[in-house]
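Note that these values count all heavy atoms, side chains included, but never hydrogens, waters or copies made by symmetry. Atoms within each ligand, like the ligands themselves, are counted from 1 in listed order.
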Amino acid sequence: MEAKKVLIVFAHQSSGSFTASAKNAAVEVLTAQGCTVEVSDLYAMNFKAAATVEDIKGDIKEAENFNYLKETRLAWEEKRLSDDITKEQAKLTQADLVIFQFPMYWFSVPGILKGWFDRVLTSGFAFSQEKLYSQGVFTDKKAMLSFTTGSLESMFSPTGVNGDMNVTLWPLQNGILHYCGFQVLAPQIFWAPSSASPEVRQSMLEGWRTRLQGLREEKPLSFIPLDCFDKKCFQLKPDVQEKHANKEFGMTVGTHMGKAPPPHSQMKAGC
Ligand SMILES: Cc1cc2nc3c(=O)[nH]c(=O)nc-3n(C[C@H](O)[C@H](O)[C@H](O)COP(=O)(O)OP(=O)(O)OC[C@H]3O[C@@H](n4cnc5c(N)ncnc54)[C@H](O)[C@@H]3O)c2cc1C
């Protein structure tokens with residue numbers, strides 16, 4: 001099998017954490033498969049999380065009405081982004097597969113990882129008005145979320161106190177990863193390792209090791225192809241709506257057409 005390049009974006013403060021063990025397992029298994037694995041250890045790098053004017057070298061075009069999106073787009077075109085952003089973009093350009101390894105914070109990612117998304121996925125580099133979703137910049141790359149929770153699985157269910165995990169994942173998997181074109185692999189969720197026994201924690205890591213063996217052959221999650229939407233108003237085309245009018249579930253968690261969202265669609269391929 002052809003050797004592949006993997007980038008792991010790792011966001012945990014402690015090398016003794018369960019999250020670090022999950023990251024180490026991925027480095028070991030994928031390296032043993034002949035992959036080149038690079039790790040961006042965000043806390044160790046003291047990665048800057050805030051998107052600010054300091055992310056741009058040289059002149060700011062409209063300093064009085066600073067617009068981060070426009071100014072970083074221009075800076076990317078003119079190779080004037082700060083060195084830390086440029087380095088991460090180079091790693092991302094090289095990678096065939098990106099694994100984001102983190103503990104869930106507030107139903108989302110830790111701020112330092114959100115900062116990586118905000119700053120590294122610059123307009124022009126990661127998306128544009130013409131290049132988005134299934135026609136996005138990174139359609140030849142795969143990406144996945146691998147994360148730990150404090151909550152039990154039952155709490156993140158359609159009848160659970162936190163609600164359906166498929167809904168929680170939608171902004172991250174659709175709004176960031178798929179938006180930039182990535183083929184999104186099913187997430188790896190380590191449910192509540194802090195509440196589990198050492199044996200259960202070990203078996204969670206063994207399960208992850210087993211999954212990693214076949215990870216690069218996995219089919220991605222399903223999203224609606226961009227050409228199902230009208231290019232002017234970005235609404236589902238009438239014929240697509242008609243085709244799904246009598247179906248029990250909506251097309252995706254977000255574009256649900258007023259129906260119940262399709263079960264497991266953000267958790268399992270083929271749903
Ligand atoms: C700001 C904030 C917001 C949060 N928001 C949410 C939220 O919205 N939803 C939610 O569910 N949770 C939330 N949490 C909880 C958080 O997600 C969990 O605390 C975290 O995911 C646990 O993962 P960890 O890697 O830090 O676990 P750790 O505490 O590091 O690990 C658990 C145990 O595993 C042990 N361990 C480490 N390596 C191994 C190994 N190789 N084999 C066996 N055992 C090992 C560790 O020693 C430890 O005893 C939040 C926490 C914070 C701080």
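- Residue His12 touches ligand 1 through its side chain alone, judged by heavy-atom distances below 4.0 Å.
- When each of Asp84, Thr72, Thr52 is paired with Arg119, the side chain to side chain donor-acceptor pair (under 3.5 Å) condition holds for Asp84 and for no other.
- In this structure, the protein non-hydrogen atom closest to atom 23 (O) of ligand 1 is Thr148 OG1, 2.9 Å.
- If you check which protein heavy atom lies closest to atom 28 (P) of ligand 1, you get Phe18 N, 3.8 Å.
- For ligand 1, the atoms sitting less than 4.0 Å from at least one non-hydrogen atom of Trp106 are 1 (C), 3 (C), 4 (C), 5 (N), 6 (C), 7 (C), 8 (O), numbered in the order shown with element in parentheses.
- For the residues Ser194, Ser151, Ala25, Ser15, the heavy atom positioned nearest atom 11 (O) of ligand 1 is part of Ser151.
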* Yes or no on ring pair (Phe, Tyr, Trp, His ring centres under 6.0 Å) for Tyr133 and Phe234, after CA distance, side-chain angles and deciding distance? -> CA-CA 12 Å; Tyr133 288 122; Phe234 289 99; 8.5 Å; no
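- Proximity of Pro263 to Phe249: side-chain heavy atoms (C-beta onward) are separated by under 4.5 Å at one or more points.
- With contacts defined as side-chain heavy-atom distances shorter than 4.5 Å, the pair Asp164/Ser157 does not qualify.
- Taking the six-membered ring for Trp, Phe147 and Phe190 have ring centres at least 6.0 Å apart.
- Between atom 10 (C) of ligand 1 and the options Gly16, Ser203, Gly150, Pro110, the minimum heavy-atom separation is to Gly150.
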* To do: Would you check, one step at a time, whether the test side chain to side chain contact (heavy atoms under 4.5 Å, CB included) holds for Leu81 with Lys57?
  => CA-CA 6 Å; Leu81 285 170; Lys57 295 179 188 172; over 6 Å; no
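- The closest protein non-hydrogen atom to atom 44 (N) of ligand 1 is Arg201 NE, 3.0 Å.
- Among the atoms of Pro193, none of the N or O lies under 3.5 angstrom from an N or O of ligand 1.
- Not less than 6.0 angstrom separates the ring centroid of Tyr179 from the ring centroid of Phe223.
- For ligand 1, the atoms sitting less than 4.0 Å from at least one non-hydrogen atom of Ser21 are 37 (C), 38 (N), 39 (C), 40 (C), 41 (N), numbered in the order shown with element in parentheses.
- With hydrogens left out, the protein atom closest to atom 2 (C) of ligand 1 is Tyr105 CD1, 3.5 Å, a heavy atom.
- Looking at Trp116, Phe182, Phe10 one by one, the single match for ring-ring contact (aromatic ring centres under 6.0 Å, His included) with Phe100 turns out to be Trp116.
- Residue Phe107 approaches ligand 1 through these ligand atoms, each under 4.0 Å from one of its heavy atoms: 7 (C), 8 (O).
- Of the heavy atoms in Leu205, only side-chain atoms (C-beta onward) come closer than 4.0 Å to ligand 1.
- Here the heavy atom of the protein found nearest to atom 25 (O) of ligand 1 is Thr19 OG1, 2.6 Å.
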* Asked: After noting the C-alpha distance and the side-chain angles of Trp208 and Gln188, does the key distance pass the side chain to side chain donor-acceptor pair (under 3.5 Å) rule?
  -> CA-CA 8 Å; Trp208 175 222; Gln188 176 71 23; over 6 Å; no
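- Atoms of ligand 1 lying under 4.0 Å from any heavy atom of Pro103, numbered from 1 in the order shown and given with element: 20 (C), 21 (O).
- Looking only at heavy atoms of the protein, atom 42 (N) of ligand 1 is closest to Gln202 NE2, 3.2 Å.
- Aromatic pair Phe102/His12: centroids not less than 6.0 angstrom apart.
- Checking Gln101, Met104, Glu206 against atom 13 (C) of ligand 1, the nearest heavy atom belongs to Met104.
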